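Take a look at the structure below.
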Protein chains: 2
Amino acid sequence: MLPAQLLQAPEVHAFNPPRRILMGPGPSDVYPQVLAAQARPTVGHLDPLFVGMMDELKRLIQYAFQTSNEMTLAVSAPGSAGMEACFVNLVEPGEKVIVCRNGVFGERMRQNVERVGAVAVVVDNLWGECVDPHAVEAALRAHPDAKFLAFVHAETSTGALSDAKTLCRLAREHGCLSIVDAVTSLGGVELRVDDWGIDAIYSGSQKCLSCVPGLSPLSFSPAAVAKLRSRKTQVQSWFLDQSLVMGYWGSDTGAKRSYHHTAPVNALYALHESLRLLALEGLQQAWRRHAEMHSVLRLGLERLGLEFVVEEAARLPQLNAVYIPEGVDDALVRRRLLNDYNLEIGAGLGALAGKAWRIGLMGYGARRENISLCLRALEEVLG
Amino acid sequence: MLPAQLLQAPEVHAFNPPRRILMGPGPSDVYPQVLAAQARPTVGHLDPLFVGMMDELKRLIQYAFQTSNEMTLAVSAPGSAGMEACFVNLVEPGEKVIVCRNGVFGERMRQNVERVGAVAVVVDNLWGECVDPHAVEAALRAHPDAKFLAFVHAETSTGALSDAKTLCRLAREHGCLSIVDAVTSLGGVELRVDDWGIDAIYSGSQKCLSCVPGLSPLSFSPAAVAKLRSRKTQVQSWFLDQSLVMGYWGSDTGAKRSYHHTAPVNALYALHESLRLLALEGLQQAWRRHAEMHSVLRLGLERLGLEFVVEEAARLPQLNAVYIPEGVDDALVRRRLLNDYNLEIGAGLGALAGKAWRIGLMGYGARRENISLCLRALEEVLG
C-alpha cells in the first residue's frame, strides 16, 4: 500500500507562447519547416531509418563547415558543451593554450582551459575589436611550447569578426592546433574549415542555422583526432568523450552504431532540416544574403543616429551591436519592443551590459520584413 | 570576392519518419501533446514569458520527484549528462564513493567517479539482481571514510528495481550523501526524494515522462548544495557547473535570471507539457497504471513461454527483460517487428546483448493497445 500523502501537483496550464520576432543574439527566428520537422514522430535512436538520417546529417554538417573531416557530428547539448568538448578532448593537464579574448566567449574559453588543468596564455583585445594577428604571432613566438591557439571567429558579445584564416595559418606555422568558436559565424559569414586548416571547431544550432537551440555541430581535423587518440590521460568528461561518442555517430558512413547516450532524436530532425535548407539556398548565397541585409539594417540604424560598437571592417553582418543613446532607458525600450511589437532585440553582455543593444540578423531572421519592422519600431519607441 | 569553389552541397530530402510504436528501453512513445508543444514558436531564453514557464517547470519537476529542493531543474542534455552533473559537482578528487553495480549504468557511475579523480569502491550484484542492502551496509562499515553512496534505482539494462528508501537510509546512517539514478524510474514507480532522503538525483526525459529525448531533470538536497558550496576545488565542467547554472534557473522563484548557456527552449516546452500531463494524471495513478499494464504484459509473455531475467519481487513494471528463446534469431525478430509492424522492442545491452529483449512500458507507451499489438506480433513472428 502506498502512503496516501504526496506533495500536491501544481496547477499548470499548457504553455502557448506568442510568435516573437527574434532579432537578438540567438535564439534566432526558427524556420517554420524546422519546427514542423521537429514535431515528427520520435523513432528509436538505433532505428535504421534514424541512422540513415544521421548519415545525411553528418554530410550536411560537413558541407556547412566546408570540411571532409570524418569526425564531424552534433554534440547533444548547446554550444557551450561544444566548446567544452573541444577542450576536454584535445587539451591535457599542463599543456599550454594561447587564448584570444575580445569578449565573453574568449573568456569562457580561458575558463575551459583552466578547468582541464591546462595553462592559458591570454592575448587580449578590447571588447569590440577583432583578434589582432600581430599580438597572436608575438604570443606564439614567446611561447614555443604552446600546443593550441583558441579564438572566437565571431564574438557574439560584441559583433566582431576575426580573421580565422590568418590566425589558423599562424597556429600551424608555430606547431599549434587551432580551436575555433564558430557559434555565431556558421552559415552567416564565410567559413572554410579545410581551406583554412581549422583543427577543432564547434557551433550552435540557434544562430545562423535558424534551428531550435540545444545542439552543437562539431568537427575535428585528422590532426585533432590524432591528438585525441594519443592522449596520455583520460578525457575528464564521460558524456563529451568523443572517442566514445564516435562509436555511435560512426567514423565511417554505414558503420554499425553502438549505444553511448540516447540521442536527442527530435532536435536532430530539426538540425537536419535547417541544414538541408542551408544546402538548398547554398552557402555563398546565405553569406551574401546576410551581408545584404546587414547593409540595409546599417543604413537604417545610422539614420536613427545609432552608432556601431565595432568598426566597419570587422563588423559581423549577423550581429549588430550599437551603443544605446545617452539618456535612453535600456530595459524600457527592450520591454516596449517585446510587449508592443513582439520584437526581441538583445541586451548588452558583460562589459557592454546596459551600454549596447545587439540586433541579430541570423539565418531565417535575416529578412527585409524583419529589418523594416525593427527600424520602424525603434523609431517609434525612441520617439 | 569569394573564391568560386566550395565543397558541393549534398542532395538530401526532408526526413519523414514513420509512426513507430516504441516499446524498447527508451525513447518511449511521446505524447502527441508533447510533440505539439515542442513545435510552438521559439521565444528568447530570457523572455519574461519563457522565464515564467521555467518557474512552472521547476514546480512540475519538484512534484515528479516529490521534493521541495530549491535546486531542482533540467540539465540541457541527456540523462548521461545529468549523471555527470551529479558527480562533477559533488565529488572532489580523492574522495571515496561506494558505487553499486548491477548493470550498465552502475558501471557508468563508476567511470564517472574515476573521471573526477575520486576513488570508487564497487559493490557488485549480478546482472538482473537488485542492489543488495546487506552488501552495501558491509561496504559502508568497511569504508568509514566514504563520502557518497551511488546507485541506480531502476537499472535500464536489466529491469531490476532496487530499494532506494533503504539504501538512502543506510547512506545517511553512515554519513554519506546519496546519488541516485532515476532515469527509468521517474514517473513509472514510487519515488519520493524528500521522504527517502535522496541527496542528488537525475532522470531522463525520454522514459516514463514520454517526452522527447535530450533533457535530464535533476535535484539536489540542501545537504548536497552545501557540499557543492563548500568545495575546495573548482567543478571540472563549465557547462555542468550547477553553481553557474543556478544563476539562470534561479534558486528562488522570481529571481532575476542571468545568462549561462542558451536554454534548449523548445525541448523545455516539451518537458513542461509532459510533466503537466503527469501532474494531471497524478503520480499515484501513473504508478498504478504502470503496475497494471505490466501484469497484463507479463501474463502474455509467460503464455508465449518467455522467461523474465529479473525475479518477480525486484521487477520493474516499465522495463521487462526476457530471455530470447533458444534457437531464435535475435536480430531477425527485432527487424521483422520493426519493418512489418512498426514496433520497436529493445535489444539486450552489455552482458545481456544477444541474450535478452527489453520490452518497455513507459509513460504514454504503457497502454493496452500497445501490449496487445506487441504480444500478437511476437506470437506471429516467433511462429
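Computed from a prediction, not measured in an experiment: that's the story for all the values here. Side chains are part of it too, since the values below use all heavy atoms of this structure and drop only hydrogens, waters and symmetry mates. Note on naming: letters A, B, ... go to the chains in the order of the sequence lines (proteins, then strands), and numbering restarts at 1 for each one.
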What part of [X] gets within 4.5 angstrom of chain A, counting heavy atoms only: side chain, backbone, both, or neither?
X      : value
B/R108 : side chain
B/L244 : side chain
B/H272 : side chain
B/V88  : neither
B/F87  : neither
B/A263 : backbone
B/Q236 : both
B/Y269 : side chain
B/P18  : both
B/Q38  : both
B/A81  : both
B/L338 : side chain
B/L349 : side chain

Most contacts with chain A, counted as non-hydrogen pairs under 4.5 angstrom, among B/N16, B/L283, B/N112: B/N16
At a heavy-atom distance under 4.5 Å, which candidate from B/Q66, B/R20, B/E344, B/M83 has the highest pair count against chain A?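 The candidate making the most pairs under 4.5 Å is B/Q66.
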Salt bridge (charged side-chain N to carboxylate O under 4.0 Å, His left out), that's the test. Do A/D29 and A/R19 meet it? Break it down for me. CA-CA 10 Å; A/D29 266 4; A/R19 169 84 183 82; 3.7 Å; yes
Is it the side chain or the backbone of A/L22 that comes within 4.5 Å of chain B heavy atoms, both, or neither?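 When you check distances to chain B, only side chain atoms of A/L22 fall under 4.5 Å.
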Can you tell me which portion of A/Q8 sits under 4.5 Å from chain B's heavy atoms? Options are side chain, backbone, both or neither. backbone
Expected output: side-chain B/T67 to main-chain B/D194 donor-acceptor under 3.5 Å: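 No: the side chain of B/T67 does not pair with the backbone of B/D194.
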Taking the side chain as everything from C-beta on, heavy atoms only, tell me whether B/M53 gets closer than 4.5 Å to B/V43.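 The answer is no; the side chains never approach within 4.5 Å.
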Which atom of A/V75 lies closest to which atom of A/A85, heavy atoms considered: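 Heavy atoms of A/V75 and A/A85 come nearest at CG2-CB, 4.4 Å.
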Between A/E107 and A/R110, does at least one N-O distance fall below 4.0 Å, as a salt bridge requires? yes
Mind telling me whether A/F239 and A/H260 have parallel, tilted or perpendicular rings, with 30° and 60° as the class edges?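 Answer is parallel, since the angle falls under 30°.
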Determine the interplanar angle of the B/H261 and B/Y248 rings, folded into 0 to 90°, and report it as parallel if under 30°, tilted if 30 to 60°, perpendicular if over 60°.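 The rings of B/H261 and B/Y248 sit tilted, inter-plane angle from 30° to 60°.
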